[in-house]
Each structure stands twice: as structure tokens, then as C-alpha cells.
Amino acid sequence: MHLGHLRNIFLGHSVSRILQSAGHEVIKVQVINDRGIHICKSMVAWQKYGKGETPASVGVKGDKLVGKYYVEFDKEFKKQVQEQEAGGKAKELAEKEAPILLEAQEMLRKWEANDPEVRALWSTMNGWCYEGFDATYARAGVDFDKNYYESQTYILGKADVLGGLRKGVFYEKDGAVWVDNTKEGLDEKVLLRRDGTSVYMTQDIGTAIKRFEEHPGLSKLIYTVGNEQDYHFKVLFLILKKLGFPWASELFHLSYGMVDLPSGKMKSREGTVVDADELIEEVVSEARRTGEELSKLEGFSEAEKDALYEMIGLAALKYFLLKVDPKKRMLFDPAASIDLQGHTGPFIQYTHARIKSLLRKAGELSHGAGQLTTDNYHLLPEERVVLKLLHQYPVVLHEAATKLDPSSLANHAYEVVKAYNSFYQAIPVMKEEDAGKRAFRLALSAAVARQPRRRCGAWASKCLSGCSSYGLRAFAPLRPISDQNFGQGTILCLRFLACLGHS
RNA sequence: GGUCCCGUAGCUCAGCUGGAUAGAGCACCUGCCUUCUAAGCAGGCGGUCGUUGGUUCGAAUCCAACCGGGAUCGCCA
């Protein structure tokens, strides 16, 4: 797994949470691409150079070990191509006829023929991958309700395509089944090969149909897949529409941009990727380093400290990836990704911790018990800014849910917290003599701390209505968080390209 | 070449359903910890919003063309 996958899973998971917050039921599913030539490449390389290595025997995470042999394969492949080219062969031909590639193709044929030995190796190595994934998911705090495996779903869709052929939606040419999308400004596309086998599109047609059969109330199906597949989904959605499925208009491709490195593009094949586990480790270490430097944690056990650093590190990473508009490609800056200051996740956590500490102390002194008197209370500018931002929260949440864009919510959280810090620095809370003001400030603090978790827009709204005589009437009216956009259930689908990923 | 996406401070990004002096963070400079956590706060430096036209009382925001970057156009996934 690499950085690109992290953007994928964090995005998908975040959107699922946002939709839930907005009142939708969400089913999170994942498609694991567990078959195909890329798996076979790893298998071949492992057979040749693996010397029986297992994750346990070398102490390497399963998915990483399999990924290592994917890189090994590519190395050997390139070497062979070079040798053949030196022998006077054309590059194209050399690439087609590299012995190791032929072996992988043979392996794929055997897999499809259910060769017991190949299948056994395949299961074993896939098992390694899944163990590795599970470990990373657990650490990253993401989960799925269901996994789909392409080894099982790739058969789907054939009957649907043939049905479409009978209905005249598709046509036959050279023995293959095609769809003609030229009227819609797209191209013609093969849906079933001449030999009757499926292509990538076929199974996506099948799985989409299957999902709506399995979940009849489904109102939306969201595919979280990188923008290199924009065209694919455009075609897929159009095909399903042509097949006459009324839900075809509810399909949505949550397309996100690639993550680039300062050194250029990441390529799994060449091993030039930022490894997800290593990155997590690094940012957690950074949290530890900084934490120990500041030494604010005396009285914490080692286990508590570890848990804290883990939380901080992951927050840094998640926020780093989620604060950017999903559809934009982003540049990965290694230093900025582990930064804990400024516009970061830990900044927000820090403010949260500050408030909790404040509230704890207030509780001990029972300072929060005062009567909230907002009607005749002149808000200070610092308080007003915070309140105003809190009040916007429902609108921002609604917007994030509608646009399926966590970045707007992430940026809003930052604005709130930033405004709160200004307030906190400038205005005393506990030292305030007036019980009503003190209670208000504590309640304001509590609302800020609550904001990332619950809705506090209503609270802010109530305060503001009490304060309307102080020029706060100009706020935009709240739009209701309605379900009309989504209805009952939403399936969020992340396409995960096995452990090897796409280059 | 067709289609789609992107172009805002040195760097990374907000703002883009049109509205007042274009905002943050990082970096750099100056202040602030005997007072609720300084992972913080206040201030400074820094931008002809890719270019040129158009629509409009008004454009970073809408439209067109162009320039620059990227993706995609397989009986691959």
C-alpha cells in the first residue's frame, strides 16, 4: 500500500462518516483486485527467487513481501528485454516475448483453468496481502462492511451484456460485443471479447447491478476511484443508463487526483512509492519526538503516551491528505506531511485538549454552573467570530455531504479552532468575575470542542438569536440537512487494486 | 489530435452558486510564557488571481480563445 491508497481509503472513509453525520445510512464496500496478470507476476517472481520466504520467516508484512516480488518481476523483465534488444530484437517484440512474462501469462492461464497448485500459491500469497491490509486498516482506523473479490465478481456482467445485445443496446462486431457511445461524444467499447471472456467493464456492469439487487433501497452508489479512471466511469454509467436501469443516474464517481512526489510520479512497479506503513510510522515518530521535547506528559504511562502519539501522528497524516480538494492532484511534501504545527490535524487536537483541560478545571471549581445570559450580553469580537463560525457548521456539513468533499469540512474545523485560539489567548474564561459571562465562555469552549463530533450549529444559532440585536442578524439562514439527495442508503465503494496497486 | 481536470504569495493550499482593502499554513523577520496547555497568540514581509478578449454597475469567481501542467482515448485493469 502506498500514499495514493491512503488518499483513497481516507477519502472514502471520511465521506462515509460525513454522510452518516448528515443522516444517511452508509454501507462501505471494497473491491479487491485479487486476480489477473499482476498477481501472477508476483507469484512467478516469488517462485523463482523467493526461496520459500514467508512473511513470518523474514519478518516482513505480507502485502509488502508480495509487493517486493512484484518489483523483482519488473527488474528481471526489464533485464530480459534489454538482453533481447541487444540481440537485435525490436523493443516491442522483446517486451512481448520476455520469458518471464510468458511464464506469468502461463500462470494466469493455469489460474483460470483452476490448476490446483497455482490456485494454492495464489491463495497463500493473497492471504499474505490481506493480513497486511488488515494491519494497516486497523492502524489507520478504517474499516469496511463488505469486501468484494474480483476473482469472484469477474464472472458477473456477462449475462447482462448478452441481454443488452438481444435488446439491441449493444452490437456484435468481429465476434465481440460492443457498445457504441459515439452519439454521446464517447467512443466504441468492447464489452465481451471474441472468445467470450469479460473485460474490466463487464464485471463493473455486473457488480453495479448486483449491488442494487442486494440493496433494493439503495439511493446512491459512490465509487471512490482515482481520476485516471474518469473515462471508465463515464462509460460505465452511460451503459447502465442505456440498459434502462432507473438508478443509473444515482451512480457517482468520487474522483480524486493523484498524489505526486517532489521527485515525480509514484510507480508500484518500480518501487518508487511512499510506503503507507512507513509513512505512518514516520509521522507517529515525529509526534513522539515533538512530544518528548515539549515534555508535557509527565504522569502518563508509556502505553498512554504511545496511544497519544499514535492519535496525533495519524491525525497529522489524515488531515494532510483530506484538507485538499479531492479532485485536485496534490504534491506530497514529506516535511509538511509530518508537520504538527499550523494548518494541521494536531493543531486541532491541541485546541481540543486545551478546551478539555479548561472544562475539567471549571468542573472541579464548578464554574460552569452559572446561568447563560446571552440576550443582554455584548459579545466581544473574539467571541463573535467563533460563534459565527460554529453557526455555519450545519451548512458546511451539508455542503460536504452534498459535494462529497471532506476538505470543506476540514478547512472549516481549522477556521473554528483558529478563531478559538485567538479568543482563548485574549480573553480570560475562568478568571472572569461575571458568572453569566464565564458560563457563556465555557459553553462556547465546549461547543468548539464538540464541533468535530456533534452538531453544535443549533446551539450557536440559539445564542445568536439571543444576540441578534448586536448586529448578528445578517447570517445566512440555515439550510436543513435534508435527505432528499440521498434517501435511505448509500453504498460507498472503494476500488482497491490489490497489494500491488496500479503504477 | 479528441475528451476531461488543473493553473491564486518563494512553497503547499483556501476562496470560485459574481459584490467592498484576495485569505491561511510553511519559510523569513519582530514581539508575547510569575495568569486557563507557547503543538499557541499578535504583528511584519510577500500576489498585475496563467495570458488575452467578452458578459456585467461590478470578475480570482461566468463565457471564449490561447499558453503551461496532468489524465485518458486497449478484445489492460
Side-chain angles (χ1 to χ4, degrees), chain A residues 31 33 35-39 150 154 173-178 182 184-204 225-232 234-235 255-258 260 262 265 286-287 290-291 293-294 296-297 312 315-316 320 323-325 327-333 335-337 339-362 365 367 382 399 407-408 410-412 414-415 417-418 420-432 438 441-442 445 495 497-498 500-503:
Chain A
V31 178
N33 180 226
R35 59 158 216 121
I37 190 71
H38 57 293
I39 308 282
E150 294 200 332
Y154 82 106
K173 189 173 80 184
D174 304 331
V177 179
W178 293 74
T182 48
E184 288 83 4
L186 304 171
D187 300 313
E188 295 169 289
K189 179 101 191 157
V190 168
L191 300 181
L192 273 182
R193 294 193 187 101
R194 193 181 318 179
D195 61 8
T197 57
S198 346
V199 291
Y200 187 53
M201 188 63 77
T202 320
Q203 68 165 315
D204 269 353
V225 183
N227 65 8
E228 76 273 21
Q229 294 193 45
D230 283 356
Y231 181 76
H232 171 78
K234 218 181 251 181
V235 174
S255 163
Y256 62 89
M258 301 288 98
D260 283 329
K265 252 190 109 168
E286 179 63 23
T290 310
E293 217 173 272
L294 296 173
K296 290 182 178 181
L297 300 175
I312 294 171
F320 179 79
K323 72 175 173 187
V324 181
D325 185 339
K327 70 169 184 280
K328 290 189 179 174
R329 70 186 298 113
M330 62 181 289
L331 189 77
F332 175 77
D333 176 352
S337 72
D339 200 354
L340 312 174
Q341 275 153 30
H343 190 181
T344 66
F347 174 86
I348 295 167
Q349 289 176 314
Y350 171 72
T351 309
H352 181 263
R354 244 180 175 182
I355 294 171
K356 283 299 187 190
S357 163
L358 184 67
L359 295 175
R360 209 178 308 121
K361 284 180 181 157
L365 302 169
H367 266 175
E382 288 86 350
E399 200 182 270
S407 73
S408 52
N411 285 309
H412 180 259
Y414 172 71
E415 280 176 39
V417 156
K418 183 158 174 53
Y420 180 82
N421 275 322
S422 296
F423 156 82
Y424 178 90
Q425 207 88 22
I427 292 151
V429 177
M430 310 265 280
K431 286 174 73 186
E432 173 58 50
R438 196 172 56 226
R441 288 174 194 164
L442 283 168
S445 303
R495 163 152 293 129
L497 292 160
L500 313 167
H502 244 12
S503 52

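Throughout, protein chains are lettered first and strands after them, A, B, ... in sequence-line order, and every chain is numbered starting at 1.
- If you take atom P in B/rG50 and the same atom in B/rA59, they sit 15 Å apart, rounded to whole Å.
- A/M201 and A/K189 make their closest contact through CE-CE, 4.2 Å (heavy atoms, listed as atom of the first residue, atom of the second, distance).
- Of the candidates B/rC6, B/rC41, B/rA77, the closest approach to any side-chain atom of A/K327 belongs to B/rC6.
- Atom CG in A/N421 sits about 13 Å away from atom C1' in B/rC36, given to the nearest Å.
- Map A/L192 and A/G185 each onto its nearest nucleotide of RNA chain B; the residue landing nearer the 5' end is A/G185.
- To the nearest whole angstrom, the two C1' atoms, one in B/rA22 and one in B/rC5, are 24 Å apart.
- Nucleic acid contact for A/Y350: base, since at least one base atom lies under 4.0 Å from a heavy atom of the residue.
- Remark: the separation of the P atoms in B/rC75 and B/rC13 is 35 Å, to the nearest Å.
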Find every protein N or O atom lying less than 3.5 Å from an N or O atom of nucleotides 12-14 of chain B, and list the pairs.
residue, atom, partner, partner atom, Å
B/rC13, OP1, A/L331, N, 2.9
B/rA14, OP1, A/D325, N, 2.7
B/rA14, OP2, A/K328, NZ, 2.9

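- To the nearest whole angstrom, the two C1' atoms, one in B/rG58 and one in B/rG19, are 7 Å apart.
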Bracket notation of RNA chain B in which parentheses pair within the strand, [ ] cross earlier pairs, and | pairs with another strand (Watson-Crick or G-U, under 3.5 Å): ((((((((.[[[[.)...(...]]]].(((((.......))))).....[[[[[..)....]]]]])))))))....
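- With sequence neighbours excluded, the residues that form a ring-ring contact (aromatic ring centres under 6.0 Å, His included) with A/F423 are A/Y420.
- For A/A353, whose side chain is taken as the heavy atoms from C-beta onward, the closest listed nucleotide among B/rC36, B/rU37, B/rC75 is B/rU37.
- Between B/rA77 and A/R193, a contact under 4.0 Å exists linking OP1 or OP2 to a side-chain N or O.
- When the P atom of B/rU37 is taken as reference, atom CZ of A/F347 falls 16 Å away, rounded to whole Å.
- An OP1 or OP2 oxygen of B/rA71 is reached within less than 4.0 angstrom by a side-chain nitrogen or oxygen of A/K265.
- When rounded to the nearest whole Å, the span between CD1 of A/I427 and P of B/rA42 equals 11 Å.
- Regarding A/D230, its CG atom lies at a distance of 16 Å from the C1' atom of B/rG2, rounded to whole Å.
- Take A/H343 and apply the ring-ring contact (aromatic ring centres under 6.0 Å, His included) test, not counting sequence neighbours, and it matches A/Y319, A/Y414.
- Between A/S407 and A/K323 the shortest heavy-atom distance is CB-O, 3.4 Å.
- Toward the 5′ end of RNA chain B lies the nearest nucleotide of A/R360, the other residue of the pair A/R360 and A/M201 mapping further downstream.
- Closest approach to the A/H232 side chain among B/rU35, B/rA38, B/rA77 is made by B/rA77 (side chain taken as heavy atoms from C-beta onward).
- Annotation: side-chain contact (heavy atoms from CB on, under 4.5 Å) contacts of A/L294 (sequence neighbours excluded): A/T290, A/K296.
- Residue contacts shown for A/S357 include a base, since a base heavy atom lies under 4.0 Å away.
- Going from the C1' atom of B/rA14 to that of B/rG54 covers 28 Å, rounded to whole Å.
- Rounded to a whole Å, the CG atom of A/D260 is 13 Å from the C1' atom of B/rC5.
- Only the C1' atoms considered, B/rU52 is 16 Å distant from B/rA60, to the nearest whole Å.
- When all heavy atoms of A/R35 and A/E150 are compared, the pair lying nearest together is CD-O, 3.8 Å.
- Residue A/K418 has its side chain nearest to B/rA24 when only B/rG40, B/rA24, B/rC75 are considered.
- For A/L358 and B/rU35, the CG to C1' distance is 13 Å, given to the nearest whole Å.
- Separating the OH atom of A/Y424 from the C1' atom of B/rC36 is a distance of 4 Å, rounded to the nearest angstrom.
- Distance, A/F423 CZ to B/rG40 C1': 15 Å, rounded to whole Å.
- Residues A/R354 and A/N421 have side chains in contact (heavy-atom distance under 4.5 Å, counting atoms from C-beta outward).
- Using atom P as the reference point in both B/rC62 and B/rC16, the two lie 10 Å apart (nearest Å).
- Proximity of a side-chain donor or acceptor of A/S198 to a complementary backbone N or O of A/Y154 within less than 3.5 Å is detected.
- The side-chain contact (heavy atoms from CB on, under 4.5 Å) search around A/D195 returns A/R193, A/T197, not counting sequence neighbours.
- In this structure the side chain of A/H232 never reaches within 4.5 angstrom of the side chain of A/V225, judged on heavy atoms.
- Using a 4.0 Å heavy-atom criterion, one finds that A/A176 contacts the bases of the nucleic acid, with or without backbone contacts as well.
- For A/E228, the listed nucleotide lying nearest its side chain is B/rA71; candidates were B/rU37, B/rC41, B/rA71.
- Here the side chain of A/E150 is nearest to one of B/rA77, B/rG40, B/rC4, namely B/rA77.
- As judged by a 4.0 angstrom heavy-atom cut-off over every strand, A/I312 is placed among the base-contacting residues.
- Using a 4.0 Å heavy-atom distance criterion, A/V199 is classed as a sugar-phosphate-only contact.
- In this structure, B/rC29 is classed as anti because its glycosidic torsion departs from zero by more than 90°.
- Counting heavy atoms from C-beta outward, A/D260 and A/M330 have side chains that stay 4.5 Å or more apart.
- Side-chain contact check for A/Y424 versus A/V429: every heavy-atom pair is 4.5 Å or farther apart.
- Across the C1' atoms, B/rC45 and B/rC28 are found 8 Å apart, a figure rounded to whole Å.
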